[in-house]
Each structure stands twice: as C-alpha cells, then as structure tokens.
Amino acid sequence: MDTQIWTYLIVGLSFLLYVGIAIWAKASTTKDFYVAGGGINPVMNGMATAADWMSAASFLSMAGLISFMGFGGAQYLMGWTGGYVLLALLLAPYLRKFGKYTVPDFIGDRYYSKNARLVALICALFVSFTYVVGQMKGVGVAFARFLDVDYTTGVLIGIGIVFFYAVLGGMKGITYTQVAQFCVLIFAFTVPAVFISFQMTGNPIPQLGFGGSTKDGAYLLETLNELSVELGFAEYTKVDKGNLTNMFFITAALMFGTAGLPHVIVRFFTVPKVKDARISAGWALLFIAILYTTAPAVAAFARTNLINTVSEKPYAEVPEWFSNWENTGLLTYEDKNGDGKIQYVADASVNELTIDQDIIVLANPEIAKLPAWVVALVVAGGLAAALSTAAGLLLVISSSISHDLLKNYLKPDISEKGELKAARISIAVAVVGAGLAGLNPPGFVAQVVALAFGLAASSFFPAIILGIFDKKMNREGAISGMIVGVLFTICYIFYFKPQLGGPGTPDGYWFGISPEGIGTLGMMINFVVAIVVSRITRPVPAVIQDLVEDIRYPSNNS
C-alpha cells in the first residue's frame with residue numbers, strides 16, 4: 001500500500017479509537033467534566049499529563065527548530081524539560097492539597113477576592129487561547145500534506161474532531177483519550193528515530209546514534225558541521241555567544257511558564273490523593289523524557305538527510321516527498337539563477353529553497369525513504385500530540401468561563417445541569433475561535449507556544465508560588481502583580497511581532513530579548529510589584545495565613 005492509503009488507515013483507526021473512548025467516558029457531572037471525577041490512576045494520569053504536555057510544539061516543531069537552529073534550539077528543549085521538573089517539585093502536591101478545580105479557583109480563594117479570580121480567569125483565557133492556536137497550526141500542517149488538502153481545510157478538519165470529543169467527554173473523556181494519544185505519539189516519534197539512527201549510524205538507539213559515527217567513520221555531528229559551513233551556515237553545534245542573553249530569557253520563560261500552565265496544573269486534581277499527584281508527576285516526567293531525549297537526535301538526522309538530499313540537486317530530479325510538500329505551500333523553490341539546480345544556502349539573496357520548519361519531523365521519514373506505514377504512523381503521532389493538548393487547553397477555557405466566571409462570579413445559583421451545559425457551549429465556541437485563529441498563526445508552532453508560556457510566566461507563576469510560600473502575600477499585591485506583569489508582556493509581544501501588526505523590529509528589542517523570552521522579564525516585574533504592594537497595604541487575614549500553612553504541609557492521605 002502507498003503512503004496515502006496507510007495514512008487514511010492508521011489515522012482513521014486512531015480517530016475512531018479517540019471518538020469511541022469519548023463516547024464511553026462521557027461526562028455526566030461537572031466533577032467528571034472538570035477533573036474526571038478525581039479518581040484517575042496515577043500511572044494513567046502520568047500518561048495523560050505527558051500527552052497534555054507534549055503538544056504539537058514538542059512533537060512537530062521542537063525538533064524542526066533544533067534542526068535549523070542547532071545549539072540555539074536547545075533553549076526549547078531545556079526550558080520545557082526543566083519547567084516540568086519545577087512544576088512537579090514546587091507546585092503539584094501543594095495545589096492538589098488545596099483541592100480546587102482550576103487555577104482561578106486557587107487564586108480566588110487564596111487571595112480571598114472575586115477580583116483576583118477574575119484577573120486570573122482573563123489570564124487563563126489569554127494563555128490557553130494563544131497556546132491552542134499553535135496546536136491548530138500543527139493539525140493543519142499534518143492534514144495538509146497527508147490528506148492531500150490545503151492548510152485551511154486541514155485546520156477545519158481538526159476543529160471538527162476536537163469539537164466532538166472535547167465537548168462530549170470533558171476532562172473524563174479527554175483523560176482517557178490522552179492515554180491512547182500518548183501511546184500513539186510516543187510510538188510514532190521513536191520508531192522512525194530508531195530506523196533512521198540504525199540507517200545512518202548502525203546504532204538503533206537514537207540517543208547514542210546522535211553522538212556516534214556514521215557508516216563512513218566520521219562523527220555525525222562533525223559531518224553536519226562541515227555540511228552547514230559549506231552552505232554558509234554557522235556550525236550546527238556552535239554556541240552563539242551574542243545570543244546568550246535572549247537564549248537565557250527564552251529558556252526561563254518556558255520553564256516558569258510551564259509551572260503556570262493551567263491545563264497542566266489541572267491534571268493534578270484528577271487523582272484521588274496528594275501522594276498520587278506526586279506519583280503521577282514522576283511517571284509523567286519519565287514518559288516525557290522518552291521524547292525529549294530523542295528529539296535532538298531526530299533534529300540532527302533530519303538536517304543531515306535534508307542537506308544531502310536537496311543541495312545542488314537538479315530540480316527536475318527531486319524525490320516525490322519534495323513535490324508532495326511543495327503542493328502544500330509549506331516548501332517552496334524559486335530558481336533565481338536559472339540553472340535548474342536547488343541552491344540551498346545561508347545567503348537569502350541566493351537561497352532558492354524556503355522550508356517551513358514545522359514540516360521537518362513529518363517529512364523526515366520520507367526523506368530517509370522509510371516504509372510507508374512508518375510515514376503514516378508519524379502523521380498519526382503528530383495529530384495525537386496536537387489534539388491531546390488542544391483538548392486540555394480548550395477544557396481550561398471552558399472551565400474558566402462556566403465554572404470561574406459563571407458559577408463563581410456572575411450566577412452562583414446556577415444548577416449543575418446548567419453549568420455543564422454552559423461548559424459545553426463555551427468549549428464549542430473556543431474550538432471554533434481557536435481554529436479560525438490557527439489559520440494565520442503568528443509564527444512557527446513552537447514560537448506561538450513560547451508566547452503562551454511567556455504569558456503564563458508573567459501572570460500565573462508569581463501569584464501561585466507566592467500564594468503557597470509567602471503568607472504575607474495579600475490580594476492587592478497578587479492582583480497588581482498579575483495585571484502589570486501580563487500587560488507588560490502582552491504589549492511587548494504585540495509591539496515586536498510583525499504578524500500581529502506591531503511596528504517594532506528586532507533592532508529595538510529591550511536588552512536583545514525577543515517576544516518569546518519577554519515573559520521572564522514580565523515575571524520579574526510581577527514579583528517586584530506584588531511583593532512591594534503587599535507590604536504597603538492591608539495584611540493578610542489570619543484565616544488565610546492558616547490556609548497557606550495547611551497547603552505547605554500536604555498529607556499523603558489527603
């Protein structure tokens with residue numbers, strides 16, 4: 001069978017599985033809808049958390065960015081990995097002890113203020129919507145190539161699929177669906193890596209093949225460095241010392257943003273006890289490490305194969321994968337010198353090949369001439385990664401509107417049935433809105449997601465961490481910090497992102513910090529404002545101080 005048939009078969013079967021699980025695990029109560037009834041097994045919750053965490057940015061875009069950026073791409077790898085460790089150690093057990101459904105719930109009760117809840121709700125909507133737009137781009141890229149449709153149609157198909165199982169199943173359906181999606185995405189990411197590692201280095205373990213020698217005896221990374229230099233690019237492994245400040249800020253934004261992501265935090269409310277939250281966090285870290293230690297190898301393999309396949313090759317003799325991706329518009333060739341050969345070089349005035357970095361992981365098996373079923377498996381994995389995270393994010397948007405805004409702010413006397421109906425309506429609206437925004441995202445998937453992490457770092461992280469560890473942090477400080485931090489970050493992003501209509505250019509970056517990293521500075525501003533304001537305004541009530549004391553000493557039997 002050819003790749004198209006294999007794709008329809010494997011993707012179709014995986015979607016039938018997801019839909020079947022959603023029907024089986026249909027949410028019948030608000031507790032089912034928001035936190036899956038609070039009874040998920042820690043190992044299964046670890047798998048669901050890993051799927052929730054490893055989005056299209058991790059599966060599709062991270063390896064693509066590392067492939068093109070080399071050493072600089074490590075900021076995404078370090079930031080997201082370190083961020084999850086921070087979340088598991090500093091936040092998960094304490095928030096689970098608090099026992100609320102959502103982050104705005106925690107902030108509203110901890111800071112004894114409906115206004116604090118409202119600010120947190122608005123921040124959650126900003127963060128989650130920005131993040132889900134990136135997932136929709138990933139869905140569109142995958143569908144565009146392998147269902148032989150245009151990018152717009154691909155996004156619309158993705159909207160329909162997420163709409164069904166997220167609206168129907170809520171957190172209960174999403175959790176069990178994410179367990180299946182984790183199995184699909186991790187198998188899909190590692191199998192091609194094993195094939196290509198063995199093909200290029202003779203070692204089937206990608207993590208070892210990445211640092212090993214190719215079959216001609218040369219080290220893989222040395223070969224890649226030489227190929228890059230020949231084309232005018234910097235050495236693949238070269239440290240860009242002029243960019244270290246921005247790299248630090250992006251890495252930090254991704255780390256601290258992770259610890260403030262509502263859709264990941266809510267996963268720790270789905271297990272029965274605090275002890276289970278710790279256990280599921282450990283399992284999730286193990287599952288995440290499988291993909292994150294494989295990604296640098298995939299990036300190096302893909303970059304080497306890409307250069308060897310297309311550079312200086314006659315356009316008339318390009319392989320089938322090249323033409324297929326051209327049809328999507330995500331890879332373009334312009335014969336600037338009229339010689340009929342592909343000039344792939346660093347000099348933009350001479351370069352004739354333009355590649356959307358988000359296609360690298362999907363194109364990699366085709367470039368390496370792997371079997372058609374492997375290519376189809378990667379497509380299914382990419383879709384599983386994008387859809388699993390999109391569902392979690394959309395649930396946060398839904399719960400923020402139905403539970404935090406409607407139930408706890410506007411209409412406290414609403415019935416459970418009415419709240420559940422409102423949750424489903426809001427998630428449906430969010431699916432459509434995110435999909436439409438995904439038709440014209442402000443960057444590559446990982447870059448869009450990095451913006452969401454910056455917003456989370458500048459808004460939620462200080463409020464949560466101070467809420468747990470600083471008994472003197474009051475509502476005035478938390479609210480002021482969140483507002484100033486997130487407004488600063490949003491204004492900076494809009495000013496310096498041309499895709500959003502901003503007039504700023506990289507020459508004007510503050511301290512050389514790009515929009516993807518500005519969330520770190522926004523977080524610092526948040527901390528300073530929150531602490532200063534809290535110390536010059538009314539002290540925290542004694543009952544809240546007792547609550548903080550209780551949160552900080554979680555019981556294993558809670």
Side-chain angles (χ1 to χ4, degrees), residues 34 91 95 98 100-132 253 256-257 259-266 393 395-412 426 430 451-470 472-494 518-541 544 547-548 551:
Y34 294 138
L91 301 182
L95 290 173
F98 194 78
K100 293 293 182 178
Y101 289 161
T102 66
V103 172
D105 244 358
F106 169 80
I107 290 177
D109 285 8
R110 164 58 182 86
Y111 294 112
Y112 48 98
S113 168
K114 284 190 174 183
N115 290 333
R117 183 190 302 275
L118 182 62
V119 173
L121 184 156
I122 294 170
C123 291
L125 293 177
F126 263 109
V127 171
S128 300
F129 192 80
T130 305
Y131 201 159
V132 81
F256 296 114
L261 285 179
H263 77 291
V264 178
I265 290 173
V266 76
L393 291 163
L395 187 69
V396 167
I397 295 172
S398 169
S399 61
S400 294
I401 295 172
S402 61
H403 183 71
D404 296 308
L405 180 61
L406 193 61
K407 175 70 175 177
N408 289 314
Y409 201 85
L410 298 177
K411 198 174 182 182
S426 57
L451 298 178
F453 277 70
L455 292 172
S458 64
S459 57
F460 285 127
F461 182 73
I464 295 172
I465 208 73
L466 291 172
I468 294 171
F469 295 103
D470 183 5
K472 294 182 180 180
M473 180 51 55
N474 62 12
R475 63 186 176 190
E476 290 82 6
I479 293 172
S480 301
M482 283 193 293
I483 291 175
V484 174
V486 78
L487 283 180
F488 166 78
T489 304
I490 289 172
C491 291
Y492 192 95
I493 289 171
F494 270 85
I518 199 62
T520 301
L521 187 55
M523 179 194 70
M524 294 175 182
I525 294 172
N526 184 334
F527 268 117
V528 171
V529 170
I531 292 171
V532 169
V533 171
S534 69
R535 297 317 188 254
I536 61 175
T537 51
R538 290 172 293 181
V540 177
I544 300 298
L547 175 66
V548 174
I551 294 172

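A distance of 7.0 Å separates CD1 of Ile490 from SG of Cys123, quoted to the nearest 0.5 Å. Rounding to the nearest 0.5 Å gives a distance of 3.5 Å between CG of Asn474 and OG1 of Thr537.
Residues meeting the ring pair (Phe, Tyr, Trp, His ring centres under 6.0 Å) test with Phe469, sequence neighbours left out: Tyr94. For Phe527, there are no ring pair (Phe, Tyr, Trp, His ring centres under 6.0 Å) partners at least two apart in sequence or on another chain. Applying the side chain to side chain donor-acceptor pair (under 3.5 Å) test to Thr489 and every residue at least two apart in sequence or in another chain returns Ser458.
Across every non-hydrogen atom of Gly257 and Ala456, the tightest pair is O-CB, 3.5 Å. Closest heavy-atom contact between Ala116 and Ile107: O-CG2, 3.7 Å. Residue Arg110 comes nearest to Val548 through the heavy atom pair NE-CG2, 3.1 Å, listed as atom of the first residue, atom of the second, then distance. Across all non-hydrogen atoms, the minimal contact from Val540 to Tyr112 is CA-OH, 3.9 Å.
The list of salt bridge (charged side-chain N to carboxylate O under 4.0 Å, His left out) pairs with a residue in residues 520-541, not counting sequence neighbours, reads Asp470-Arg535, Glu476-Arg538. Among residue pairs with one or both ends in residues 111-123, those qualifying as salt bridge (charged side-chain N to carboxylate O under 4.0 Å, His left out) are Asp105-Arg117, Asp109-Arg117, Arg117-Asp404; sequence neighbours excluded.
Considering Thr520, Leu487, Val484, Val486 in turn, Val484 is the only one that fulfils the side chain to side chain contact (heavy atoms under 4.5 Å, CB included) rule with Ile525.
When side chains are defined from C-beta on, Ile544 does not count as touching Tyr111, because their heavy atoms never get closer than 4.5 Å. Contact of the Met473 side chain with the Ile531 side chain is registered, since non-hydrogen atoms from C-beta on lie closer than 4.5 Å. No side-chain heavy atom of Leu455 sits less than 4.5 Å from a side-chain heavy atom of Phe460.
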Could you list the donor-acceptor pairs under 3.5 angstrom formed between side-chain atoms of residues 461-468 and any protein atom two or more places apart in sequence or on another chain?
none

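Under the 3.5 Å distance criterion, the side-chain polar atoms of Asn526 are matched with a main-chain donor or acceptor of Ser459.
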